[in-house]
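What's counted below: heavy atoms across the whole structure, side chains too, no hydrogens, waters or symmetry copies. Each chain gets a letter, A, B and so on, in the order its sequence line appears, and its residues count up from 1.
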Amino acid sequence: MIRIIEILSVRVRDAIKAATGLDADPLLRISADSRFGDYQANGIMAIAKQAKSNPRALAGQVVEKLDVADLCETPEIAGPGFINFRLKPDFLAIRLMEVKSDSVRLGISPTQNHTKVVVDFSGPNIAKQMHVGHLRSTIIGDAICRLLEFEGYDVIPQNHIGDWGLQIGMVVHAMMASTLETKTWAGASGALLSIEEVHNRIEKSPITLIELEKMYKRLSEQEKTDENLAEAVRNSVRHLQLKEPVFLAFWENARKITLKTCFELYDYLGGIFKLDDIRGESFYADRLAPVVQELKDKGIAVESDGAVCVFAPGFVSKEGNPLPLIVQKSDGAFLYATTDLAALKFRVQELGAKKIIYVTDARQELHFKMVFAVARMAGWVPEDVSLEHVTFGSVLGEDGKPFKTRSGENVKLRDLLDEAVSRAKRVVEEKNPELPEEKKNDIAAAVGIGAVKYADYSNNRTSDYVFSFDRMLAMEGNTAPYMQYAYARVKSIERKALEKGINASEELALITNITLTEPTEIELAKTLCRYDEAIYSAAYDLRPNYLTAYLYDLAGKFSAFYTQCPVLTAGPESRPSRLLLCDLTAKNIAHGLSNLLGIKVVEQM
RNA sequence: GCGUCCGUAGCUCAGCUGGAUAGAGCAACGGAUUUCUAAUCCGUAGGUCAGGGGUUCGAAUCCCUUCGGACGCGCCA
């Protein structure tokens, strides 16, 4: 099914060509104001200007050559030279029949043919609980994956976790210090114990991520003042980097503990990531030295103050000097820039990515600009491969400052989601106390988690937003509960139909033609027909809020229809059509919310 | 100092590559419920789109500038 706006665009372009001989973009847009119809062509004024003719007269000539009678009423010329289009109910009916015939994709064809796209997002660190800072990357990245997948791309999610480097060495050191007795561990290599015994010890003293995090923080505090300890830690870092089995055993354990907790959250959030998608810094550890070597060999990287740097053109520091991307510190250690370069190279050369999308906050913009520039200089990224940094703003507290707990700590993602769910539970208790406990819990989870995600998606990605449980859990306005409620109401009609002995699915199956007469029916039908346009713009600009805006619009149109048009008590001339409008609305909301945004819908709430 | 993003109704936010009289929700006010979930719907009121200049037939949108805010800028990630 071709998007309506695309059909009109092509028709008007052809008409312009026929009328003027010019090939110009007719600038077709959805009308901002329904008084001007459903779509409008804005391009005539510019073309008239170019052809030095009167825009209204030109619009008349174009309309003369234009044949859109199969989908629109006669186009109207308005204002300085707009052409307005109003869709015919008959055409809407035909489109809806096409949507009806495809319950999987709702009649929407993929626009892409398996182009490989890598999406890098989430990126938590070993030995640390995920906090609000990970929320946006994680869920925006997930929505982008879902959108692009639906558009037909071959999407490869990548979770670039922080599982290597100095801090991980400290984590391992902390674990060893707490698990092994000092004397068995005196050499800091664990050589006094067999590897079997080490595994045995690890198994016998299981620790949680929270304990691990505390352990790490304590060590990192002590290390600042205790030079002996600092030296021991440095030793451990070296041993780990040499991949000595005992150290590796603890490292693996830390990684396992962290990932287990991360995946609990990912699952809680709606099945984000598979285990295969985890490819963290440790994966690139052996590729860092060759990357730096290659940059040196190519004459791109040079030594400066003992560090290995790349001075990409166009980057200037505070003092106005060339700004380096440091790929190796003066002590020989590699940095995140090095890892990012190695990962980038891997993704292009070994994963075969044609596009790489990085979903991180806006503060890393300069870093990625430089990494991209250096990768291009090194020739690792061919012309036809695009690199995109998808940025987002910060999550703020009610005071307008970065969202923190009262004690100034980062809010743990787990706590935040639990809070949302328990608040949702209270509302369900209040509104629908007679539901079985299990059902109430399911609803609370769907609404609570959904509310947090939806609030994020419905905001413009690039701006900061103020986090508020009260607003995101409100039943009115552009929120998850409102959307989910709209869905539950449609489903309720289906249930009521069964109770009344109305065979809705049979009536739907027998429909050959849809009758649209009431204004709210037509409005709802039009909105249903625009779903593909909403998905397209959301996927094109990687902005989920275009999709939520559409869904909110749809739910609003449905609610208006719902109050205006009885379904089950309607006569035989309109009931099947109304049942179909309900059915398609439910499928559309479920698809948008669940398939594309990973937000659960519930039959009752 | 340089760079990036931002400033839209009392509050929280939309506004898609420039398009017609700038839109939602909350809060305020007025209506609608014997009927499919009122967790809803319909309506009223509310804006010098931070200020100024420019480009354009047309600017919240593009350019310049002032003010205000957030963030970034050599060995953390």
Side-chain angles (χ1 to χ4, degrees), chain A residues 25 27 29-33 35-36 40 42-43 45-46 48-49 55 78-82 84 123 125 162 165-167 281 304-309 315-321 323-331 333 335-337 339-340 360-367 369 391 393-394 396 400-402 427-428 430-432 458-460 462-466 468 470-471 474-479 481-482 484-486 488-497 499-500 533-534 537-538 540-541 543 545-546 548-549 552-553 556 559-560 562-564 566-570 582 604-605:
Chain A
D25 189 345
L27 297 178
R29 297 293 127 89
I30 293 164
S31 297
D33 191 322
R35 280 172 306 151
F36 303 133
Q40 60 186 60
N42 294 340
M45 282 85 81
K49 177 88 177 168
F82 297 101
N84 292 335
N125 291 315
L166 177 68
Q167 295 189 18
E281 292 174 341
S304 167
D305 293 337
V308 182
C309 303
F315 296 97
V316 184
S317 76
K318 269 186 250 194
E319 295 78 22
N321 301 322
L323 182 68
L325 183 72
I326 300 175
V327 293
Q328 187 168 19
K329 301 200 301 185
S330 47
D331 68 1
L335 301 99
Y336 76 132
T339 312
D340 276 333
T360 76
D361 66 284
R363 287 174 303 191
Q364 297 191 46
E365 207 163 347
L366 182 61
H367 166 71
K369 266 188 188 150
T391 63
S394 311
L396 308 176
K401 296 201 188 102
V427 179
V428 181
E430 185 193 319
K431 299 286 181 184
N432 252 333
S458 58
N459 273 288
N460 184 325
T462 53
S463 42
D464 297 346
Y465 76 93
V466 176
S468 159
D470 287 338
R471 266 201 310 278
M475 329 293 174
E476 52 282 299
N478 192 6
T479 66
Y482 176 85
Q484 288 163 322
Y485 176 66
R489 285 210 293 179
V490 192
K491 285 297 173 184
S492 175
I493 293 177
E494 285 177 16
R495 275 195 305 276
K496 273 287 179 335
E499 282 173 25
K500 291 191 173 186
E533 292 167 355
S537 54
Y540 186 82
D541 281 346
R543 289 182 184 273
N545 67 311
Y546 293 166
T548 56
Y552 179 55
D553 187 33
S559 288
Y562 182 90
T563 41
Q564 206 64 40
V567 177
L568 299 178
T569 54
C582 289
Q604 280 175 278
M605 63 185 284

K.L.:
For RNA chain B, whose closest nucleotide is more 5', that of A:Leu366 or that of A:Ser559?
P.N.:
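Counting from the 5' end, the first nearest nucleotide belongs to A:Ser559.
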K.L.:
Can you tabulate the close N/O pairs, meaning under 3.5 Å, that link protein atoms to atoms of nucleotides 12-18 of chain B?
P.N.:
{"from": "B:U12", "atom 1": "O2'", "to": "A:Arg471", "atom 2": "NE", "distance (Å)": "3.1"}
{"from": "B:U12", "atom 1": "O2'", "to": "A:Arg471", "atom 2": "NH2", "distance (Å)": "3.3"}
{"from": "B:C13", "atom 1": "OP1", "to": "A:Val466", "atom 2": "N", "distance (Å)": "2.8"}
{"from": "B:C13", "atom 1": "O3'", "to": "A:Asn459", "atom 2": "OD1", "distance (Å)": "3.0"}
{"from": "B:A14", "atom 1": "OP1", "to": "A:Asn460", "atom 2": "N", "distance (Å)": "2.6"}
{"from": "B:A14", "atom 1": "OP1", "to": "A:Ser463", "atom 2": "OG", "distance (Å)": "2.9"}
{"from": "B:A14", "atom 1": "O3'", "to": "A:Asn545", "atom 2": "ND2", "distance (Å)": "3.4"}
{"from": "B:G15", "atom 1": "OP1", "to": "A:Asn545", "atom 2": "ND2", "distance (Å)": "3.1"}
{"from": "B:G15", "atom 1": "OP2", "to": "A:Asn460", "atom 2": "ND2", "distance (Å)": "3.1"}
{"from": "B:C16", "atom 1": "O4'", "to": "A:Tyr546", "atom 2": "OH", "distance (Å)": "3.4"}
{"from": "B:U17", "atom 1": "O4", "to": "A:Arg29", "atom 2": "NE", "distance (Å)": "3.3"}
{"from": "B:U17", "atom 1": "O4", "to": "A:Arg29", "atom 2": "NH2", "distance (Å)": "2.5"}

K.L.:
Not counting sequence neighbours, which residues clear side chain to side chain donor-acceptor pair (under 3.5 Å) with A:Asp33? List them please.
P.N.:
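Partners of A:Asp33 under the side chain to side chain donor-acceptor pair (under 3.5 Å) test: A:Arg35.
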K.L.:
If the condition is salt bridge (charged side-chain N to carboxylate O under 4.0 Å, His left out), which residues does A:Lys369 pass it with, not counting sequence neighbours?
P.N.:
none
K.L.:
Just to verify, what does A:Asp541 make a salt bridge (charged side-chain N to carboxylate O under 4.0 Å, His left out) with, not counting sequence neighbours?
P.N.:
none
K.L.:
Distances for protein N/O vs nucleotides 26-29 of chain B N/O pairs under 3.5 angstrom?
P.N.:
none

K.L.:
According to salt bridge (charged side-chain N to carboxylate O under 4.0 Å, His left out), who are the partners of A:Glu533, at least two apart in sequence or on a separate chain?
P.N.:
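In terms of salt bridge (charged side-chain N to carboxylate O under 4.0 Å, His left out), with neighbours along the sequence ignored, A:Glu533 is linked to no residue.
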K.L.:
With sequence neighbours left out, write down each residue that passes ring pair (Phe, Tyr, Trp, His ring centres under 6.0 Å) with A:Tyr482, or none if nothing qualifies.
P.N.:
A:Tyr552
K.L.:
Find the runs of at least 3 consecutive base pairs, i with j, i+1 with j-1 and so on, that include RNA chain B, using Watson-Crick or G-U wobble geometry with both distances under 3.5 Å.
P.N.:
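Ordered by first number, the stems with RNA chain B (at least 3 consecutive pairs each) read B:1-7 with B:67-73, B:10-13 with B:23-26, B:28-32 with B:40-44, B:50-54 with B:62-66.
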K.L.:
Taking ring pair (Phe, Tyr, Trp, His ring centres under 6.0 Å) as the definition, give me every residue that meets it alongside A:Phe315, ordered by chain and number, with sequence neighbours left out.
P.N.:
none
K.L.:
Residues in salt bridge (charged side-chain N to carboxylate O under 4.0 Å, His left out) with A:Asp305, at least two apart?
P.N.:
none
K.L.:
Which residues satisfy the side-chain contact (heavy atoms from CB on, under 4.5 Å) test with A:Arg363, sequence neighbours excluded?
P.N.:
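If we apply the side-chain contact (heavy atoms from CB on, under 4.5 Å) test to A:Arg363, skipping adjacent residues, the hits are A:Asp361.
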K.L.:
Can you name the atoms? Protein N/O to nucleotides 75-77 of chain B N/O, anything below 3.5 Å, with the distance.
P.N.:
{"from": "B:C75", "atom 1": "O2", "to": "A:Ser330", "atom 2": "N", "distance (Å)": "2.9"}
{"from": "B:C75", "atom 1": "N4", "to": "A:Asp305", "atom 2": "O", "distance (Å)": "2.9"}
{"from": "B:C76", "atom 1": "OP2", "to": "A:Lys329", "atom 2": "NZ", "distance (Å)": "2.4"}
{"from": "B:A77", "atom 1": "OP2", "to": "A:Tyr336", "atom 2": "N", "distance (Å)": "3.4"}
{"from": "B:A77", "atom 1": "O3'", "to": "A:Glu281", "atom 2": "OE2", "distance (Å)": "3.0"}
{"from": "B:A77", "atom 1": "N7", "to": "A:Tyr336", "atom 2": "OH", "distance (Å)": "3.2"}
{"from": "B:A77", "atom 1": "N6", "to": "A:Tyr336", "atom 2": "OH", "distance (Å)": "2.3"}
{"from": "B:A77", "atom 1": "N1", "to": "A:Tyr336", "atom 2": "OH", "distance (Å)": "3.4"}

K.L.:
Specify the residue among A:Gly43 and A:Tyr485 whose closest nucleotide of RNA chain B lies further upstream toward the 5′ end.
P.N.:
A:Gly43
